[in-house]
Enquirer: 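This is the structure I want to talk about, given as structure tokens.
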Amino acid sequence: MSDSPVDSSKRTWIITSACAGAVGGVATAVPFVSSFQPSEKAKAAGAAVEVDISNLKEGEKLTVEWRGKPVWIIKRTPEQLKDLPTLDGELADPKSERHPDEFTPVYARNDLRSIKPEVLVVVGICTHLGCSPTDKFHSGPQPSLPNDWKGGFLCPCHGSTFDMAGRVFKNKPAPDNLQVPPHMYLSDTRLLIGDDKKAA
């Protein structure tokens, strides 16, 4: 071991260089890790959105954003599901046959318009002029609704009404049912909105 004096200026330079290198390494690593997350631009362009629905209770709605639009995830009650088949005669497109490629994916072309009976996934935008309908889940007489209302949605702009499957009632301004976006289940409690490549 040498007894020569330590060059303090050299030691300061080495420490400074090492610190700068460490900071640079962290600065490089953060963008690299962040690159695994969809950017705002990617989200706007339609990047898929993963949603945890494990805490969604019967009669509740969860709203997420996909492509700048609100997507509603609703857990329907057994009573709401039971009422759906009784409404076909009152609906403009009960079997979702109008523009199916635009509004209803193959796996949702059923009376419930869903993959799982209890869970409805629709874009919350009226097909008339793009307003956002309001929840009218409770049955019975209510302002602007028929006395035998079974639950669904009311567009306050021009009075279009939709049932609990997002199907539009007859003689309303909205020409089509609410859109069912591409989606699939990653597990019993996780939904992927915007991608359905693995869906049956």
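In what follows, every heavy atom counts, from backbone to side chain, and hydrogens, waters and symmetry copies are set aside. Note that the structure is predicted; figures quoted are calculated from it, not measured.
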Enquirer: Would you please name every residue forming a ring-ring contact (aromatic ring centres under 6.0 Å, His included) with Phe103, sequence neighbours left out?
Expert: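 Scan of Phe103 (ring-ring contact (aromatic ring centres under 6.0 Å, His included), adjacent residues dropped) gives none.
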Enquirer: So do the side chains of Lys69 and Gln179 get within less than 4.5 Å of each other, counting heavy atoms only?
Expert: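 Side-chain contact under 4.5 Å: yes.
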Enquirer: Roughly how far, to the nearest 0.5 Å, is OG of Ser139 from CG of Asp148?
Expert: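 It is 10.0 Å, given to the nearest 0.5 Å.
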Enquirer: Taking only residues two or more places apart in sequence or in another chain, which ones pass salt bridge (Lys or Arg N to Asp or Glu O under 4.0 Å) with Arg76?
Expert: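 If we apply the salt bridge (Lys or Arg N to Asp or Glu O under 4.0 Å) test to Arg76, skipping adjacent residues, there are no hits.
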Enquirer: Is it the case that the side chain of Asp101 and the backbone of Pro105 share a donor-acceptor pair, with hydrogens and angles ignored and the cut-off at 3.5 Å?
Expert: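 No.
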Enquirer: Is there a donor-acceptor pair closer than 3.5 Å between any side-chain N or O of Thr134 and the backbone N or O of Leu154?
Expert: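 At least one qualifying donor-acceptor pair exists.
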Enquirer: Looking at Met184, is its backbone amide N or carbonyl O close enough to the side chain of Asp196 to form a donor-acceptor pair, meaning the two atoms are under 3.5 Å apart?
Expert: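 Checking the backbone N and O of Met184 against the side chain of Asp196, no donor-acceptor pair under 3.5 Å is found.
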Enquirer: If you measure from CD on Gln80 to CD on Glu58, what distance do you get to the nearest 0.5 Å?
Expert: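 The distance works out to 8.5 Å.
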Enquirer: If two hydrophobic side chains count as joined below 4.5 Å and joins carry through other members, does Leu120 share a cluster with Val51?
Expert: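 In one cluster with Leu120: Val51, no.
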Enquirer: Look at the side chain of Asn177 and the backbone N and O of Val168, then say whether any donor-acceptor pair between them is shorter than 3.5 Å.
Expert: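 Yes: the side chain of Asn177 pairs with the backbone of Val168.
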Enquirer: Taking C-beta and beyond as the side chain, do Gln142 and Asn147 meet within less than 4.5 Å on heavy atoms?
Expert: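 Gln142 does not reach Asn147 side chain to side chain.
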Enquirer: What are the two closest heavy atoms between Trp66 and Pro182, and how far apart are they?
Expert: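 Of all heavy-atom pairs spanning Trp66 and Pro182, the closest is CH2-CD, 3.7 Å.
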Enquirer: Using atom types as modelled and distance alone, determine if a side-chain donor or acceptor of Glu60 lies under 3.5 Å from a backbone N or O of Lys57.
Expert: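 Yes, the answer is positive, given that a donor and an acceptor are paired below the 3.5 Å cut-off.
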Enquirer: Report yes if the side chains of Met164 and Lys150 come closer than 4.5 Å at any heavy-atom pair, otherwise no.
Expert: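 No, their side chains stay 4.5 Å or more apart.
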Enquirer: Which heavy-atom pair separates Ile73 from Ile53 by the least distance, and what is that distance?
Expert: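 Residues Ile73 and Ile53, closest heavy atoms: CG2-CG2, 4.0 Å.
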Enquirer: For the NZ atom on Lys82, are there more than 12 heavy atoms of other groups (residues, nucleotides or ligands in this structure) within a distance under 6.0 Å?
Expert: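 Count not over threshold, so no.
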Enquirer: State, yes or no, whether a side-chain contact exists between Val123 and Leu178 at a heavy-atom distance under 4.5 Å.
Expert: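 They are not in contact (no side-chain heavy atoms under 4.5 Å apart), so the answer is no.
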Enquirer: Are Cys126 and Phe162 packed together at the side-chain level, in the sense that at least one heavy-atom pair is separated by less than 4.5 angstrom?
Expert: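 Side-chain contact under 4.5 Å: yes.
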Enquirer: Atom CG in Asp52, atom OG in Ser187: separation rounded to 0.5 Å?
Expert: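 Output value for this atom pair is 8.0 Å.
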Enquirer: Do Leu192 and Val49 come close enough that some side-chain heavy atom pair is under 4.5 Å?
Expert: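 Side-chain contact under 4.5 Å: no.
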Enquirer: Taking only residues two or more places apart in sequence or in another chain, which ones pass ring-ring contact (aromatic ring centres under 6.0 Å, His included) with Tyr185?
Expert: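 For Tyr185 there are no ring-ring contact (aromatic ring centres under 6.0 Å, His included) partners, ignoring immediate neighbours.
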Enquirer: Which one of Pro70, Pro133, Ser132 satisfies the side chain to side chain contact (heavy atoms under 4.5 Å, CB included) criterion with Ile125?
Expert: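 That would be Pro70; it is the only one of Pro70, Pro133, Ser132 passing the side chain to side chain contact (heavy atoms under 4.5 Å, CB included) with Ile125.
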Enquirer: Ignoring hydrogens, what is the shortest heavy-atom contact between Thr77 and Gly59? Give both atom names and the distance.
Expert: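 Shortest heavy-atom separation between Thr77 and Gly59 comes out as CG2-N, 3.8 Å.
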Enquirer: Between Thr127 (side chain) and Asp176 (backbone), is there a donor-acceptor pair under 3.5 Å?
Expert: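 Here the side-chain-to-backbone pair exists.
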Enquirer: I'd like to know if the side chain of Glu102 reaches the main chain of Arg98, judged simply by a donor and an acceptor atom lying under 3.5 Å from each other, with no hydrogens or angles considered.
Expert: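 Absent.
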Enquirer: Quick one, Lys170 with Glu90, criterion salt bridge (charged side-chain N to carboxylate O under 4.0 Å, His left out). Give me CA distance, side-chain angles, the key distance, then yes/no.
Expert: CA-CA 6 Å; Lys170 288 179 179 177; Glu90 303 173 46; over 6 Å; no
Enquirer: Hey, are the side chains of Glu50 and Ile193 touching, using non-hydrogen atoms and a 4.5 Å cut-off?
Expert: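 Not in contact.
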Enquirer: For the residue pair Arg113 / Ser96, report whether a side-chain donor-acceptor contact shorter than 3.5 Å exists.
Expert: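 A pair is found: one side chain offers a donor N or O, the other an acceptor, under 3.5 Å apart.
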Enquirer: Would a single hydrophobic cluster contain both Ile74 and Val180, if residues Ile, Leu, Val, Met, Phe, Trp and Tyr are joined by side-chain heavy-atom contacts under 4.5 Å?
Expert: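 In one cluster with Val180: Ile74, yes.
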Enquirer: Between CG of Leu145 and OG1 of Thr161, what distance do you get to the nearest 0.5 Å?
Expert: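 If we round to the nearest 0.5 Å, Leu145:CG and Thr161:OG1 are 7.0 Å apart.
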Enquirer: Are Lys61 and Asp135 within salt-bridge range, i.e. N to O under 4.0 Å?
Expert: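 The answer is yes: the pair qualifies as a salt bridge.
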Enquirer: Mind checking whether Leu81 and Val122 sit in one hydrophobic cluster, side chains of I, L, V, M, F, W, Y counted as touching below 4.5 Å?
Expert: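 Yes, one cluster joins them.
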Enquirer: Would you check if Pro181 and Trp72 make a side-chain contact, meaning some heavy-atom pair closer than 4.5 Å?
Expert: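 Sidechains of Trp72 and Pro181: no contact.
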Enquirer: Nearest 0.5 angstrom please: Lys172 NZ to His158 NE2, how far?
Expert: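 Rounded to the nearest 0.5 Å, the NZ-NE2 separation comes to 13.0 Å.
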Enquirer: Check whether any side-chain N or O of Tyr107 sits under 3.5 Å from a backbone N or O of His183 as a donor-acceptor pair, and report yes or no.
Expert: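 Yes: the side chain of Tyr107 pairs with the backbone of His183.
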Enquirer: Is the backbone of Pro94 close enough, under 3.5 Å, to the side chain of Arg167 for a donor and an acceptor to pair up by distance?
Expert: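 Yes, the answer is positive, given that a donor and an acceptor are paired below the 3.5 Å cut-off.
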Enquirer: Give a yes or no on whether the ring-centroid distance for Phe137 and Trp149 is below 6.0 angstrom.
Expert: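 Between Trp149 and Phe137, which both carry aromatic rings, the centre distance is not below 6.0 Å.
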Enquirer: Is there a path of hydrophobic side-chain contacts, each under 4.5 Å between heavy atoms of I, L, V, M, F, W or Y residues, that connects Ile115 with Val119?
Expert: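 In one cluster: yes.
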